[in-house]
**Student:** 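Quick one: structure below, then a few questions.
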Amino acid sequence: MARLIRTEKEVEGRYEEVWIVVDEDALDRWPAGPLTTVGQRVPRVDGLARARGQALFTADLQLPGMLHTAVLRSPYARARVISIDLEPARSAFGVRAVIGPADLDQLTDEPGYVGHAVAAVAADTFGQAQAAAERIVVEWDVLEPLLDADEAVRQESFVSDVANYERGDFERGLGGADVVVEAEYRTQVVVHNSLETHQAVCHWEDDGITIYISTQYIWGIRASMADHLGLPPDKVRVICHAMGGGFGAKNSPGDYTPIAAELAKRTARPVRCALTRREENVAAGNRNATIQRLTAAATTDGTLVALGGDFVNAVGYSGWSATTEGPMKMLYACDNVRTTQYPAKLNLPPMAAFRAPGFVEGTFGLECLLDELAVKLGIDPLELRRMNYADSDRTDDRPFSSKNLAECYRRAEPHWAKRDEVRARSRGPWKHGIGLASQIWYGGGGPPSYAWIRVGSDGRAQVVTAMQDIGTGTRTAMAQIAAEELGIPLDHVQVSLGDSARGPFASISAGSSTVPSMGPAVRSAAADAKRQIIEIAAQRFHLEERVLDLRDGQIVSTDGGSWPLTEVTGLLESGQILGQGARGPNPAGMQVLTFGVQVAEVAVDVETGEVRVDKIVAIHDVGRVINALGAESQVEGGIIQGIGHTLSEERIDDPATGSILSRTLDAYRMPTIADVPEIVSELVDIPDEHLTNLGSKGLGEPPIIPVAAAIANAIRDATGAEIRSLPITREEMLRALREAEAREKERRGAAAAV
Amino acid sequence: MRIELSVNGEPCEADVWEGESLLYALRERLGLPGSKNACEQGECGSCSVLLDGKLVCACLVLAAQAEGHEIVTVEGLAEDGRLHKVQEAFVAAGAVQCGFCTPGLVVATADLLARNVYPSDDDIREALSGNLCRCTGYAKIFDAVRMAAASL
């Protein structure tokens, strides 16, 4: 029977209450550890198409008569359009339509950041559109931009409410402390720079619209474009077969999709609107900068008695304010915690979610501060973390559905125990050190999500669901889950996804939620089909259903009988067995989180400030692992993105004008294969026994979270220098070294004076 | 202008304009979208192709310069319908995530292994540092190159 229940849903640390209909029988829990297909190292089922260059990305789509778009973007951070003349563009060669601020909400005559869209041109080729856009004449009234986050806080320029939190009594905790450390940490703006830029192709047909788009959320695009266009959602078809990376920036339609839709309507042609790499570095979203002014206090036995912080999120012109204070509130069992988060609105490009938004930044501050505290207390940093271990979610005292951070710490011990060995490698100006940092994050996924499955007379299955594979290997993971439940070989399962017109609703691929949200729905659909196959087999073979099972492509009975699956499905000829499944709710009254720890080994040249990461050991607890090979690759990808965030990547803004100076990949400095250290990845593969029929949590985000703090803590171990700002450029490294030297001199002077 | 060139062993003709890149001609005029356009200025390697056996970024070569030359793209690496060992290794090693950089990396790896049968890790770093990948973290790409080298 369908049951209506109210449940909590979390995406990227933001919660909402939703009604869902639950209609599933509880399934037996699979045993822990690798099974026949699930948990194994499985190469991508769609890998060959990608390696051959045959996968169809939105960027590769060619439709007859398709036009191309160039967008005129504001060169000023804050300005008013006094007048705009689109006529010179309209008369340019190859141009089919030109639209300006009067024509579309997404085009503005009061730009609030450099890159804000003002006008757009559709032409036969992109080159023609670009040339025409340059002919648009704009008279600007250039206004003074607000670019400094602290100044925005003073002026109370915010994108949302200031968020205050306190548990216990922070001041009282501080009063009872033996040791107090305070520090200010800063993190920079970084850009997703997915290899496939943001883009959409819009095509009006059959009195509706088809949108081909590089997206992380087919159904979100469908809902927001239906709303924008005033269409019933079923008139909006959204297609994404393969997409070239998102990392959080491709959750919404952006400006490019409404622009393409409007130009397609005006020209009655398919229209592509694709951002250039330069636009991608300006107007496609970013991880916002933060300023964190933090305090940590403990008694001499290592008990944390107070944690506090003012967190300024430099959100930009719009977007949402991530919970940078989250790790401080959640990671440790401290009784007295007080945080304030200021969501600064600035004349800079809007933020977009970027792989664990808020927690990457907040973990850098908190975990660096905790090591400073450990040094002052004379307590081993790993021990200090164990001493303050949280056994429940201290923000509301809910129990965790599962938490194996202690096991992660235990597995980190042999690596951590090499501290003396690593330090002893120091030679001349190269100082070696080791550091660690913990990780906490969401990743439990949630309902609703649905899957269908059809089994044909050949005994092969097709999973049908309108989800997207954003490059993480979703097709493979879903095929593994279906194959495991149906007891058939992996290559007998096809997965059809990527089209809102084919298959039921599926959740967003963000917030580390794809596997924990969709996987249980797929298992549930496969179980529904399996139940029907067994019912049919029982009738065919005159046996009771309870003695039958599916295994290795066979129908097997407890008394040793065995028949090929096709002996039953073959009866159907063109008939099919149809299974359907839904994602059930998350466990009521429990907090579902992911955990981990990383240990970094670094070398620092104290003369030049060069930092080299030699090794990162990553140990994470994300419940059951579905694809061990794919999971490892996720961990490695998160770590190298984290190393970029820590050492080299930074969007450079002109502090006077708010213009973006780093618009190319050379200027932006993403890591290359030359920057890769040794990476050891280990997953604590223990299913979460309270979470869904799989016990799996998400893994996309956790690995990037502790990287910066682990590296900075290793730098302190190697040199005594305290890193306060990302990225750790040579300037920042040399500043920290000079400061450490001055501190040491002062300490020696004070000691001599005594 | 009209150009004649050989692409993946087949003679081809294309009408191009003078400033057009080889990448544009391959993708938009010759129906070969395997080479990807991710930066259009030689910074990411996603459009790597072989021009007379030499590794180039197709976005930095004018289509007109390819007149009379032999081009091999990712679509032409597989011979007689069989996959190139490098393509097989990239899949088996798990070096493919979103796959947008993969065609360029596959071509660059094939080029490396054609010149250097037993590349050291430093050789791999040197040869592939012009191919940006945002997903995999590159660790599995090392594995793929070693696997392909062992199977060739």
Side-chain angles (χ1 to χ4, degrees), chain A residues 41-44 46-57 59-62 125 127 192-197 242-247 274 276-277 469-473 627 629-630 632-641 643 664-666 670-676 678-679 681 703, chain B residues 17 19-20 24 27-28 31-44 46 73-75 77-78 83-84 86-107 122 124-142:
Chain A
R41 297 176 72 84
V42 175
R44 305 244 153 166
D46 53 354
L48 286 179
R50 287 167 201 241
R52 280 171 163 148
Q54 289 173 337
L56 185 70
F57 293 88
D60 299 328
L61 187 75
Q62 297 276 11
T125 69
H192 308 68
N193 265 321
S194 307
L195 270 271
E196 184 183 34
T197 62
M243 65 95 83
F247 313 110
T276 63
R277 179 58 54 190
D469 185 339
I470 63 168
T472 50
N627 184 351
L629 182 67
E632 214 171 77
S633 181
Q634 278 292 309
V635 172
E636 292 157 357
I639 287 172
I640 199 74
Q641 245 177 31
I643 289 175
T664 64
L665 294 172
D666 267 3
M670 269 152 52
T672 73
I673 196 167
D675 301 305
V676 181
E678 181 187 355
I679 297 173
S681 115
Chain B
W17 66 277
E20 189 170 304
Y24 189 89
R27 287 179 56 82
E28 308 288 329
L32 292 168
S35 311
K36 299 302 178 206
N37 173 15
C39 75
E40 229 170 329
Q41 51 186 37
E43 295 174 341
C44 73
S46 302
T73 71
V74 67
E75 290 97 338
L77 279 187
L83 278 177
H84 194 279
V86 173
Q87 291 168 317
E88 282 176 3
F90 264 70
V91 179
V96 180
Q97 275 202 29
C98 85
F100 207 78
C101 70
T102 309
L105 272 159
V106 162
V107 173
D122 280 349
I124 298 172
R125 287 177 195 268
E126 174 71 31
L128 301 184
S129 61
N131 290 78
L132 293 177
C133 168
R134 194 57 159 161
C135 300
T136 64
Y138 302 106
K140 297 276 179 279
I141 292 170
F142 274 109

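Model, not experiment: these values are computed from the prediction. Numbers restart at 1 for each chain; the letters A, B, ... are given by sequence-line order, proteins then strands.
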**Student:** Please state whether the side chain, the backbone, both or neither of T276(A) comes within less than 4.5 Å of a heavy atom of chain B.
**Tutor:**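 Contact with chain B: none, neither part.
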
**Student:** Heavy-atom distance under 4.5 Å to chain A: side chain of A95(B), backbone, both or neither?
**Tutor:**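 When you check distances to chain A, no heavy atom of A95(B) falls under 4.5 Å.
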
**Student:** Under 4.5 Å from any heavy atom of chain B, what part of A55(A) do you find: side chain, backbone, both or neither?
**Tutor:**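 For A55(A), backbone heavy atoms alone lie under 4.5 Å from chain B.
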
**Student:** Can you say whether I470(A) sits under 4.5 Å from chain B via the side chain, the backbone, both, or neither, judging by heavy atoms?
**Tutor:**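 The backbone, not the side chain.
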
**Student:** Taking A59(A), G127(A), G246(A), G473(A) one by one, which has the highest count of heavy-atom pairs under 4.5 Å against chain B?
**Tutor:**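 The residue among A59(A), G127(A), G246(A), G473(A) with the greatest pair count is A59(A).
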
**Student:** Taking only Lys NZ, Arg NE, NH1 and NH2, and the carboxylate oxygens of Asp or Glu, determine whether E632(A) and K140(B) approach each other closer than 4.0 Å.
**Tutor:**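 K140(B) and E632(A): salt-bridged.
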
**Student:** Between Q97(B) and S633(A), is there a side-chain donor-acceptor contact under 3.5 Å, judged purely by atom types and distance?
**Tutor:**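 S633(A) vs Q97(B): donor-acceptor pair found between side chains.
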
**Student:** Need one label for D675(A): side chain, backbone, both or neither, based on atoms under 4.5 Å from any heavy atom in chain B.
**Tutor:**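 It is the backbone, since no side chain atom gets that close.
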
**Student:** Please check this pair: side chain of E636(A) against backbone of A139(B), looking for a donor-acceptor N/O pair closer than 3.5 Å.
**Tutor:**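 Here the side-chain-to-backbone pair does not exist.
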
**Student:** When you measure from the side chain of R50(A) to the backbone N and O of T102(B), does any donor-acceptor pair fall under 3.5 Å?
**Tutor:**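 Pair absent, no side-chain N/O of R50(A) close to backbone of T102(B).
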
**Student:** Is chain A contacted by the side chain of E40(B), its backbone, both, or neither, given a heavy-atom distance below 4.5 Å?
**Tutor:**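 Neither the backbone nor the side chain of E40(B) comes within 4.5 Å of chain A.
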
**Student:** With the side chain counted from C-beta on, respond yes when T125(A) and W17(B) share a heavy-atom pair under 4.5 Å apart, and no when they do not.
**Tutor:**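 Side-chain contact under 4.5 Å: no.
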
**Student:** For a 4.5 angstrom cut-off between non-hydrogen side-chain atoms, does V107(B) reach L77(B)?
**Tutor:**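 Answer yes - side chains close enough.
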
**Student:** Contact part of E196(A) toward chain B, heavy-atom cut-off under 4.5 Å: side chain, backbone, both or neither?
**Tutor:**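 Contact with chain B involves both backbone and side-chain atoms of E196(A).
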
**Student:** By a 4.5 Å heavy-atom criterion (distance strictly below it), what part of L32(B) contacts chain A: side chain, backbone, both, or neither?
**Tutor:**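 Neither part.
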
**Student:** Check for a donor-acceptor pair, side chain of R134(B) on one end and backbone N or O of G637(A) on the other, with a separation under 3.5 Å.
**Tutor:**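 Not at all, since once roles are kept as given, no pair shorter than 3.5 Å links the two residues.
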
**Student:** Would you please name every residue forming a ring-ring contact (aromatic ring centres under 6.0 Å, His included) with F142(B), sequence neighbours left out?
**Tutor:**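 For F142(B) there are no ring-ring contact (aromatic ring centres under 6.0 Å, His included) partners, ignoring immediate neighbours.
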
**Student:** Checking heavy atoms, do the side chain of V106(B), its backbone, both or neither come under 4.5 Å from chain A?
**Tutor:**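 Interface part for V106(B): side chain.
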
**Student:** Can you tell which part of L128(B) gets under 4.5 Å to a heavy atom of chain A, answering side chain, backbone, both or neither?
**Tutor:**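 Backbone plus side chain of L128(B), per the 4.5 Å heavy-atom cut-off to chain A.
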
**Student:** E28(B) versus chain A, heavy atoms under 4.5 Å apart: side chain, backbone, both or neither?
**Tutor:**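 Its backbone and side chain both get close to chain A.
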
**Student:** Could you work out, with side chain to side chain donor-acceptor pair (under 3.5 Å) as the rule, every residue matching N193(A), not counting sequence neighbours?
**Tutor:**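 With neighbours one apart ignored, the set is R277(A), N281(A).
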
**Student:** Out of G104(B), P33(B), S46(B), which one racks up the most heavy-atom pairs below 4.5 Å with chain A?
**Tutor:**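 Option with the greatest count: P33(B).
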
**Student:** In terms of heavy-atom pairs under 4.5 Å, which option from C98(B), S129(B), G34(B), G137(B) contacts chain A the most?
**Tutor:**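 When all of C98(B), S129(B), G34(B), G137(B) are compared, C98(B) has the most.
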
**Student:** Hey, could you give me the SG/CD1 distance between C101(B) and I141(B), rounded to the nearest 0.5 Å?
**Tutor:**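 C101(B) SG to I141(B) CD1: 5.5 Å, rounded to 0.5 Å.
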
**Student:** Shorter than 4.5 Å, heavy atoms on both sides: which option in K36(B), H84(B), E75(B), E126(B) has the most such pairs with chain A?
**Tutor:**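 With the most close heavy-atom pairs to chain A, the winner is K36(B).
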
**Student:** What part of E678(A) is in contact with chain B, defined as an atom under 4.5 angstrom from a non-hydrogen atom: side chain, backbone, both or neither?
**Tutor:**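 Neither part.
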
**Student:** What residue, out of D666(A), L629(A), V42(A), I640(A), has the most heavy-atom pairs lying under 4.5 Å from chain B?
**Tutor:**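 Of the candidates given, the most pairs with chain B belong to D666(A).
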
**Student:** Rounded to the nearest 0.5 Å, what separates atom CE in M243(A) from atom OG1 in T472(A)?
**Tutor:**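 Result: 9.5 Å between the selected atoms.
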
